[in-house]
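Down below is the structure, laid out as structure tokens.
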Amino acid sequence: MKTFQDKVFALVSRIPRGRVSTYKAIADKIGVKAYRAVGQVLKKNPYDSVPCHRVVCSDGSLGGYHGIASSKKKMILLKKEDIKIKNNKVEDFEKRIFIHY
DNA sequence: GCTTTGACTCTCG
DNA sequence: TCGAGAGCCAAAG
């Protein structure tokens, strides 16, 4: 844990299965307001091992981990993780969001 | 070393 | 309720 992105990956990796998190939560936990930087780093995904599909927008929508929330495969993947997508948004998002303690 | 970009978020009309 | 604009920060060019 040293650079900004390392923190991001560390936090994202800590998201357990069946839970989701938001860019804001991650950035806030890190201590910065670089919400956009979080998404940007995730998109590059150098480690290629972070569950980026578990990171969504603050309002529960997929946001655009794949350009835009149009990749239904990701939705299915989330569904398999017990995360259901309703109307392009995470069902019970506020209850499923994972807070990094 | 400055400028541009981006998978965001908030506020206002 | 929805769309547009502004603000924020870090990484890449």
Side-chain angles (χ1 to χ4, degrees):
Chain A
M1 204 135 93
K2 19 185 159 182
T3 65
F4 167 77
Q5 64 178 33
D6 284 335
K7 299 177 187 177
V8 173
F9 291 126
L11 290 175
V12 174
S13 305
R14 276 174 198 154
I15 301 175
R17 190 188 77 83
R19 286 285 183 275
V20 296
S21 186
T22 68
Y23 303 97
K24 179 173 173 48
I26 295 170
D28 185 60
K29 184 60 186 174
I30 292 175
V32 302
K33 292 117 192 162
Y35 319 123
R36 319 192 85 224
V38 175
Q40 198 169 136
V41 167
L42 244 54
K43 152 178 136 184
K44 304 196 181 221
N45 199 4
Y47 296 98
D48 196 46
S49 303
V50 293
C52 38
H53 57 271
R54 290 183 193 155
V55 183
V56 296
C57 285
S58 61
D59 59 347
S61 62
L62 281 319
Y65 52 71
H66 205 205
I68 190 69
S70 24
S71 189
K72 308 205 183 233
K73 291 200 164 189
K74 299 290 184 184
M75 291 186 183
I76 295 173
L77 182 59
L78 288 170
K79 236 178 176 181
K80 289 179 182 260
E81 306 261 327
D82 289 330
I83 303 171
K84 296 171 185 172
I85 304 301
K86 201 74 174 180
N87 193 15
N88 228 22
K89 289 189 178 166
V90 177
E91 196 174 53
D92 294 329
F93 166 68
E94 299 188 5
K95 297 180 183 177
R96 292 185 178 278
I97 185 169
F98 175 74
I99 308 296
H100 302 79
Y101 296 100

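None of the values given here were measured: they were computed from a predicted structure. A, B, ... follow the sequence lines: proteins, then strands. Residue 1 opens every chain.
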Dump the pairs, protein N or O against N or O of nucleotides 11-13 of chain B, anything under 3.5 Å, distances to one decimal.
none

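- Shown here for A/V50 and A/F9, the closest heavy-atom pair between the two residues is CG1-CD2, 3.2 Å.
- When each of A/D6, A/V12, A/L11 is paired with A/V8, the side-chain contact (heavy atoms from CB on, under 4.5 Å) condition holds for A/V12 and for no other.
- In terms of heavy atoms, A/S58 sits closest to A/F93 at O-CE2, 3.2 Å.
- Nearest heavy atom pair, residue A/R14 against residue A/F98, reads O-CE2, 3.8 Å.
- Across the interface with DNA chain B, nearest-nucleotide mapping of A/V38 and A/K24 shows A/V38 to be the residue nearer the 5′ end.
- Taking every heavy atom of both residues into account, A/V55 and A/T22 meet most closely at CG1-C, 4.1 Å.
- A/G63 and A/C57 make their closest contact through CA-SG, 3.0 Å (heavy atoms, listed as atom of the first residue, atom of the second, distance).
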The contact string for nucleotides 6-13 of chain C, one letter per nucleotide 5' to 3', using protein heavy atoms under 4.0 Å with B, S and - for base, sugar-phosphate only and none, comes out as --BBBSS-
Apply side-chain contact (heavy atoms from CB on, under 4.5 Å) to residues A/E81 and A/R54 and explain how you reach the verdict. CA-CA 9 Å; A/E81 306 261 327; A/R54 290 183 193 155; 2.7 Å; yes
Check step by step if side-chain contact (heavy atoms from CB on, under 4.5 Å) holds for A/S21 and A/H100. CA-CA 9 Å; A/S21 186; A/H100 302 79; 3.4 Å; yes
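- Taking atom CG on A/L42 and atom C1' on B/dG6, their separation rounds to 12 Å, with Å as the unit.
- A sub-4.0 Å separation between OP1 or OP2 of B/dC8 and a side-chain N or O of A/T22 is absent.
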